Amino acid sequence: MQGLHLTADLYQRQGALSLFVDEHALATFCRTETQRSGLTIVGEKWITFPEYQGEPGGVTGALLLAESHLAIHTWPERKGVTLDIYVCNFSADNSVKAQGLLQRLIDVFAPESIQRNQILRGDEQGNQAGELLWEKLNNNSVYGFWFRKRLLEKHTKYQYLELLESADMGRTLRLDGCLMTAEKEEFFYHEGLVHPAMLSHPNPQKTLIIGGGDGGALEELLKHQPVESATLVDLDGAVIEVSKEYLQSINKGAFDHPKAMIKVGDGAEFVRTTEERFDIVLLDLTDPETPAGPLYTEEFFVACKKVLTSGGAIVLHLGSPFHEPEQVRRLSYMLAGVFTHVSPYGLYIPLYGAYWALAVASDELCPKQVSAQVIDERIQARAIGDLQYYNSEVHGALFALPNYYQKLVPA
Ligand code: SAM
């Protein structure tokens, strides 16, 4: 059962209006071009919709093919057309025929812009059982993973939450279509977020995580013996509940640790109103274009600075320096406007599909100046075990930035 599925969304058509609103003209054109492509018509259905907003109604139609189908829908009010051609390639490869047919349909409508997709379907194409999910790195690039199981999905009060399972990543949390954390690779991000700042600080006792509802950063934080309290404030209690139930391999029950204080609420509100002071504040948040948006602002960074003890620091992720250079530049300069020292660093994070930028910001702490020997001594002294990514050499390597990244951040 294998085949090629082509879809195309055509915007701002410049071509023949008749094909747009006249089902007979459209049916005749599709029939002729389909036969010309060498595909075999076995049935068809065409419907014209009534007038809409003073515009003639569009047409929807389908040709049933021995190879499968051609479906077309016109949107006169938007000068748009949606097309979808699927050909099975069982007894012969019909791909070229399908691509030729699609191109002729596109040419006749002459749209100003097109979005096209091509899906090789069927297990013979090396496709896994399950679903292939893509995520945007920016408006030009995507990356994706095969997920063999969909364990849970729900709309929480704030986000659309999905829990999936993949061969490479294990159980994986996705919020609003963005991959958050996964069992088999979470150590890259969580060790990278927590240990550089924590081990640069001589005695981090009071700690705060804003976000981090999966509990992975909390688990890493509680490995540090000096920690007396670890407060976690996540907006969405549902993320914490789902993580407690399904992601124990990531948080290892850290939510129930005697030193952990779990609060559900807006991180900005917490930081604005708390009387407490913290040695290390970790911002483990969804991306700027989410409910976490207000926490990627100068105002919030200033508020964070107010809740730091002397010698304290905040840590946050900035995005992909290659795919989101302007975001990394903007946030790092914003931090430099609030803190004396901004220490950008980076590591490749498999789940995020790219080398990822993070930063430590402080008026005193400079992780880059902490020697490997001191890092080693502190790892020993704090009896920090089970580190899968981080060590004293990696500490140095994290802050050794490639030139293109150095050009994005304050010197
Ligand atoms: N590591 C992930 C990343 O880098 O994309 C972040 C994981 S963590 C699950 C993100 C958390 O930020 C979510 O649980 C979400 O509920 C939380 N969050 C978003 N906006 C927030 C806010 N305003 N205050 C507190 N937590 C927030």
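Since the model is a prediction, treat every value here as computed from it, not as a measurement. Counting starts at 1 for both ligands and their atoms, in listed order.
Proximity to Leu175 (heavy-atom distance under 4.0 Å) selects the following atoms of ligand 1: 13 (C). Those atoms of ligand 1 that come under 4.0 Å of a heavy atom in Gly265, given as number and element, are 24 (N), 25 (C). With ligand atoms numbered from 1 in the order given, ligand 1 contributes 15 (C), 16 (O) to contacts under 4.0 Å with heavy atoms of Gln159. Interface of Met180 with ligand 1, defined as ligand atoms under 4.0 Å from a residue heavy atom, comprises 1 (N), 2 (C), 5 (O), 6 (C), 7 (C). For ligand 1, the atoms closer than 4.0 angstrom to any heavy atom of Asp284 are 1 (N), 2 (C), 6 (C), 7 (C), 8 (S), 10 (C), 11 (C), 12 (O). Counting atoms of ligand 1 from 1 in the listed order, those under 4.0 Å from a heavy atom of Thr286 are 10 (C), 12 (O), 19 (C). Here is the list of ligand 1 atoms found below 4.0 Å of a heavy atom in Asp214: 7 (C), 8 (S), 9 (C). Proximity to Ala292 (heavy-atom distance under 4.0 Å) selects the following atoms of ligand 1: 19 (C), 20 (N).
Not close to ligand 1: His190, with no non-hydrogen atom less than 4.0 angstrom away. Ligand 1 is approached by Gly212 to a heavy-atom distance shorter than 4.0 Å. Heavy-atom separations between Leu295 and ligand 1 include at least one value shorter than 4.0 Å.
Listed for the Asp279 side chain is a donor-acceptor partner under 3.5 Å among the backbone atoms of Lys206. Without hydrogens or angle criteria, Arg174 side chain to Thr181 main chain gives no donor-acceptor distance under 3.5 Å. No donor-acceptor distance shorter than 3.5 angstrom exists from the side chain of Gln159 to the backbone of His155, with no hydrogens or angles considered. Of the possible donor and acceptor atoms, one in the side chain of Tyr345 sits under 3.5 Å from a partner among the backbone N and O of Gly192. Between the side chain of Thr231 and the backbone N or O of Ile209 there is no donor-acceptor pair closer than 3.5 Å. In this structure, the side chain of Arg378 engages the main chain of Leu199 through a donor-acceptor pair within 3.5 Å. When atom types are taken as modelled, the side chain of His317 and the backbone of Leu285 share a donor-acceptor pair closer than 3.5 angstrom. Using modelled atom types, one side-chain atom of Glu191 and one backbone atom of Tyr389 make a donor-acceptor pair closer than 3.5 Å.
Nearest protein heavy-atom contact of atom 22 (C) of ligand 1 is Asp266 OD1, 3.6 Å. Among protein heavy atoms, the minimum distance from atom 16 (O) of ligand 1 is reached at Asp234 OD1, 2.7 Å. Scanning the protein for heavy atoms near atom 1 (N) of ligand 1, the closest one is Tyr352 OH, 2.9 Å. The single protein non-hydrogen atom nearest to atom 18 (N) of ligand 1 is Leu285 CD2, 3.8 Å, given as residue, atom name and distance. Closest to atom 21 (C) of ligand 1 among all protein heavy atoms lies Leu235 CB, 3.7 Å.
In this view, Glu219 and Lys223, Lys252, Ala254 satisfy the side chain to side chain contact (heavy atoms under 4.5 Å, CB included) rule, not counting sequence neighbours.
The shortest N or O to N or O distance between Gly267 and ligand 1 is below 3.5 Å. Inclusion of Asp287 in the set of residues having an N or O under 3.5 Å from an N or O of ligand 1 is not warranted.
Within the model, atoms SG of Cys88 and NE2 of His69 stand 11.0 Å from one another, a figure rounded to the nearest 0.5 Å.
Here Tyr158 has no heavy atoms under 4.0 Å from ligand 1, in either its backbone or its side chain. Counting heavy atoms under 4.0 Å from ligand 1, residue Val239 touches it through the side chain alone.
Residue pairs that meet the side-chain hydrogen bond (donor to acceptor under 3.5 Å, both in side chains) test with at least one member in residues 101-115, sequence neighbours left out, are Tyr11-Gln115, Gln14-Glu112, Glu33-Arg104, Gln103-Asp107, Gln103-Arg116.
If you check the side chains of Asp93 and Ser95, you find a donor sitting under 3.5 Å from an acceptor.
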